[in-house]
Protein chains: 2
Amino acid sequence: MEARRDVFQAIADPTRRAIIGMIAEQPVNVNTIAEQFDVSRQAISLHLKILMECGLLNIKQQGRERLCEARLDKLNEVHEWVQQYHQLWTSRLKSLKGFLEQEALQAPHPKKSKK
Amino acid sequence: MEARRDVFQAIADPTRRAIIGMIAEQPVNVNTIAEQFDVSRQAISLHLKILMECGLLNIKQQGRERLCEARLDKLNEVHEWVQQYHQLWTSRLKSLKGFLEQEALQAPHPKKSKK
DNA sequence: TATATGCGCAAGTATTTGCTTGCGCAAATT
DNA sequence: AATTTGCGCAAGCAAATACTTGCGCATATA
């Protein structure tokens, strides 16, 4: 059911994340990718299909070989989703830090008596 | 099988992403969350369990109510993974832009003759 | 031309996922 | 004390997922 295919689901699988890692810098053909994994070549082919279907890669035919070319810009969807929370958790961290530092400045510190 | 539970799988489901959105700013109790969705309360309870198991939220008991408190810092795992590619695709875009601009400067532009 | 290689199609299988329903326990309310 | 509310446990079901195996087509090589 193609309606369920989205980027978040595509990257949920560790094998597909590893594939993205392989093709991020330059296109790689299918069999070369498949050789790096312990599962069958067909299993990798199916993963590539999923990544292609949600736009994370293009497949370019060169003779009998198919080159998989990453479309990393499609990860922007995940990047933006995470970014909104990243700002939330980092600003909260800063608020907490500022609060604790203010507490530290205000709290009286009894002098340690010398022995 | 809990071994498969990770943050990427947790956020793969749109319902769980929506739940995270609901609790991001302040803790919310389980039934209040469940009321916002069309599925059964128990289905939401199961989603909350998944989010709790991978560390995306804590559950705090207050009497008979359970408050779900987001742990957004756990999304750092996704943030970092996406960030490495974000830098790649934005720097590639800049390289392409620079290249095209250079091409534009060098290309001779024939003057348009006046009629 | 014959053989080898690249790789998707299709079918089948086991596992996982997302959901519903019924039940039961603890806490709050009446 | 009785009832209501909050909510997890467990079982069951349908759909989705991840994988394997066998086959066949197109292209490259010998």
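Sequence lines set the chain letters: A, B, ... in the order given, protein chains first and strands last, and positions in each chain run from 1.
Put simply, A:R16 has a side-chain N or O that comes within less than 4.0 Å of OP1 or OP2 on D:dA18. For A:H47, a side-chain nitrogen or oxygen approaches OP1 or OP2 of D:dC19 to under 4.0 Å.
Look at CG on B:D38: it is 17 Å from P on C:dG18, rounded to the nearest Å. Note: CD1 (A:I44) to C1' (D:dT17) measures 14 Å, nearest angstrom. The nearest whole Å value for the distance from the CG atom in A:D13 to the P atom in C:dT15 is 17 Å. The distance from atom CD1 of A:I19 to atom P of C:dC7 is 13 Å, rounded to the nearest whole Å. For the pair B:L67 CG and C:dA27 C1', the interatomic distance rounds to 14 Å; values are reported in whole Å. Rounded to a whole Å, the CG atom of B:N31 is 12 Å from the C1' atom of D:dT4. Across the protein-nucleic acid pair, A:K60 atom NZ and C:dC7 atom P stand 16 Å apart, rounded to whole Å. What separates CG of A:L46 from C1' of D:dT17 is a distance of 10 Å, to the nearest Å.
Between B:T32 and A:V39, the residue whose closest nucleotide on DNA chain D is further toward the 5' end is B:T32.
In this structure, CG in B:N31 is found 10.5 Å from CD1 in B:I44, a value given to the nearest 0.5 Å. Considering CD1 of B:I33 and NE2 of B:H47, their distance stands at 12.0 Å, rounded to 0.5 Å. Atom CD of A:Q83 sits about 5.0 Å away from atom CD of A:Q87, to the nearest 0.5 Å. Atoms CD and CG, on A:E80 and A:L75 in that order, are 11.5 Å from each other to the nearest 0.5 Å. Atom CG of A:N29 sits about 7.5 Å away from atom SG of A:C68, to the nearest 0.5 Å.
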Identify all pairs in which a protein N or O lies below 3.5 Å from an N or O of nucleotides 21-27 of chain D, and state each distance.
{"from": "D:dT27", "atom 1": "O3'", "to": "A:R64", "atom 2": "N", "distance (Å)": "3.2"}
{"from": "D:dT27", "atom 1": "O2", "to": "A:R64", "atom 2": "NH1", "distance (Å)": "3.3"}

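In terms of modelled atom types and a separation under 3.5 Å, the side chain of A:R16 and the main chain of A:A10 share a donor-acceptor contact.
When every heavy atom of A:L72 is checked against every heavy atom of A:A24, the shortest pair comes out as CD1-O, 4.0 Å.
Residues satisfying the salt bridge (charged side-chain N to carboxylate O under 4.0 Å, His left out) criterion with A:R71, sequence neighbours excluded, are A:D73.
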Worksheet item: Which dot-bracket string describes DNA chain D (Watson-Crick N1-N3 plus N6-O4 or O6-N4, or G-U N1-O2 and O6-N3, all under 3.5 Å; [ ] crossing; | other strand)?
Response: ||||||||||||||||||||||||||||||
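With distances taken from any side-chain atom of A:I50 to the nucleotides C:dG18, D:dA18, C:dC7, the minimum falls on D:dA18.
Between B:R17 and A:D6 a salt bridge is recorded (basic side-chain N to carboxylate O distance below 4.0 Å).
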